[in-house]
Protein chains: 2
Amino acid sequence: MELDARKLQVLQAIIHDYIITAEPVGSRTVAKKYNLGISSATIRNEMSDLEEMGFLEQPHTSAGRIPSEKAYRLYVDKLMQVRSLSHHEAEYIKQLYELKILQLEEVVYQTVKVLSDITNYTSVALAPQFNEITIKHIQLVPVDKDFALLVVVTSSGILKDTLIQIPKGIDNDFLQKVSNFLNEQFRNKTFSEIDLDALSSIRQIFNENQRLFNTFVDELTRGLQEGARDKEIYLEGTTNILNFPEYQDIPRVRSFLSLMEEKDILYRILNSVKGNGVKVSIGTENPHEDLKDCSLITATYRLGERVLGTIGMIGPTRMEYSRAVSVMDHMAKALSCYLTKLYGE
Amino acid sequence: MELDARKLQVLQAIIHDYIITAEPVGSRTVAKKYNLGISSATIRNEMSDLEEMGFLEQPHTSAGRIPSEKAYRLYVDKLMQVRSLSHHEAEYIKQLYELKILQLEEVVYQTVKVLSDITNYTSVALAPQFNEITIKHIQLVPVDKDFALLVVVTSSGILKDTLIQIPKGIDNDFLQKVSNFLNEQFRNKTFSEIDLDALSSIRQIFNENQRLFNTFVDELTRGLQEGARDKEIYLEGTTNILNFPEYQDIPRVRSFLSLMEEKDILYRILNSVKGNGVKVSIGTENPHEDLKDCSLITATYRLGERVLGTIGMIGPTRMEYSRAVSVMDHMAKALSCYLTKLYGE
DNA sequence: GTTAGCACTCTCTTATATTGAGTGCTAAAA
DNA sequence: TTTTAGCACTCAATATAAGAGAGTGCTAAC
């Protein structure tokens, strides 16, 4: 059987209607609301064909039809027309980036908030990943006799700092010496290039207090590792899911919200997104079982050419793909642009 | 009418049963399960009295009774016996504080997590408040030609840092001078004692580049203000509320979860808690409308003698007060003890 | 003062129509 | 050959009715 123009029209009408109403769509509804110039009986025949081809499903005999995942896939890839942003949406985003926010992380977090506000979908982002960022400067700043702050300044003005414990008997001059050593070793390297074994050579270089040194080196190691790892997740609008008719029963809500509490899993899901542009992952295309009734729309954000992280939007499979994709596209570009302007190298 | 010993016994039995079953308790149930040596008819009479006195309520004529807020209040203040922790609970808490966590904030966050894990109630905490902490040392650490890190080290090894923008033409020597100035001005003061006007005297002291200075002073001001303000909230186990039979309908769940997303409101609620020991706030005693069916159990945590923040636990008014209060008490003390040992002055 | 007994109340459950949206098939019309 | 009107059939959702069950309140006897 062939998917001719009329079948596509009927399918598009049904998807469109279902996205709006969340109710199975019947042949009469299509005939009345969408003037395709054919009667409900003809539409019924087409619908029957479309079901046979796997684009439509019937909850039960006497109900209308709902689109299958295959239908949504076709819709997203071929059928839907990506709208441009409404005035209100564009204005909202513009306002966000007119604020002068200095913390890079804060910018991303605010982006997630706006995304969720505009779309009413749950929004999420991977915190900026620094693995590929080069280190410009390392400094140990003495805090008191027991603690020092290990400040790592990276290219792009981003910095990571960690509190580390220093053994007794190490003075400020000494910390400065170590700072110099760390700079010599790691300047212009990325976090992932850091050779932690090189740290142990501190022992040889400053061959005093051997014993105390071990814990100090361990602390430095920990500090640098922590600087590299950044699995934070920003999440907003989780309760938005309660607005959708498909989430009106507790077990579903629970499974969704539980997943949103699992930052590790969200991290993995978002981190697996690669490549350019907006990606849409529908229902069971998602890697995680609990997302089988959801769609995930993602895009990466960048600083210059470098991918820093991913932003995403989660809603029911019956989501407004057209609007969601256009907002996501616009947002990811605006964010990248803003970051590059502010922190660009 | 007087609340004699037998009435108290009956009331206690009903509260106890209702906390466990979440079902209205009838006279026969009390007679059978709790051997008070009186018949169901007598219990019925007592229950009728207790209702008249405002301790019990009847959902409808042919249902059993449920405790009123007044009953819970009495129960918490007088009737309940505070249990000691189970072996499992004590062990769990012990393990937490055997970990060596260096970041003070992280300790508090982990505490909230454990609290929610142990009790299965939603747990929440106010991030450590630094307003009353004295400043020990301030340092401007140059980051690159445009940015510097304003590091404020407080008593107790806690530190706050903020990225600030520096005007062109200010070199490292100069930053050092400013650091020295800031130290002279603000050392041994608390954040709330900082006189921001004093900052403007920098202009007179370094009477060069007058124009550039204005933005620099503004940035410093912002940085110090940010150091003082810390309205962060740690929240864990929000989905636990879905386990309770009273939260099986979506509107209730929505109102609860929406409140949990309002960090500002949670901040105000927790911040209004003062004084020593564990506090219990039942139903409409809570300041917020959406908590009218919830109870909030709170305690402050300290560093030495200084109150740093508040931890809290939220559940339905029908909560296991006895267990909740004992866990909260134990937890707040353990946290304070741990913090004082690690950061104590 | 306490308790057995019993009528009464009200929710909750189960069983039984009834309704209505929607389909699939058939036969006639285009 | 394609389209369409017509109609019987299906099935969830809604409404209605009957029954069961839990619990109370009252009365009268202990």
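No hydrogens, no waters, no symmetry mates; every other heavy atom, side chains included, goes into these values. A note on names: the letters A, B, ... follow the listed sequences, proteins ahead of strands, and every chain is numbered from 1.
- The side-chain contact (heavy atoms from CB on, under 4.5 Å) test with B/K292 singles out one residue from B/N286, B/T284, B/T317, and that residue is B/T284.
- Set against C/dT9, C/dT2, D/dT24, the side chain of B/T61 has C/dT9 as its closest nucleotide.
- The residue from A/E57, A/E51, A/E23 that alone fulfils the salt bridge (Lys or Arg N to Asp or Glu O under 4.0 Å) condition with A/R65 is A/E51.
- Checked by distance alone, A/R44 brings a side-chain donor or acceptor within 3.5 Å of a matching partner on the base of D/dG6.
- Below the 3.5 angstrom threshold, one finds a donor paired with an acceptor across the side chain of A/S62 and the base of D/dC11.
- If you check D/dT24, C/dT23, C/dT3 against the side chain of A/R65, the one that comes closest is C/dT23.
- Taking 3.5 Å as the limit, the base of D/dG21 and the side chain of B/R28 contain no donor-acceptor pair of atoms between them.
- Using modelled atom types, one finds a donor on one side chain and an acceptor on the other under 3.5 Å when comparing A/D117 with A/Y92.
- Listed nucleotides D/dT4, C/dA4, C/dG22 differ in distance to B/A41; the shortest reach to its side chain belongs to C/dA4.
- Ranking D/dG25, C/dA4, D/dA22 by closeness to the B/S48 side chain, first place goes to D/dG25.
- Taking every side-chain heavy atom of A/R6 into account, D/dT3 is the closest of C/dT3, C/dG24, D/dT3.
- With DNA chain C read from its 5' end, the first of the two nearest nucleotides for B/I43 and B/H60 is the one closest to B/I43.
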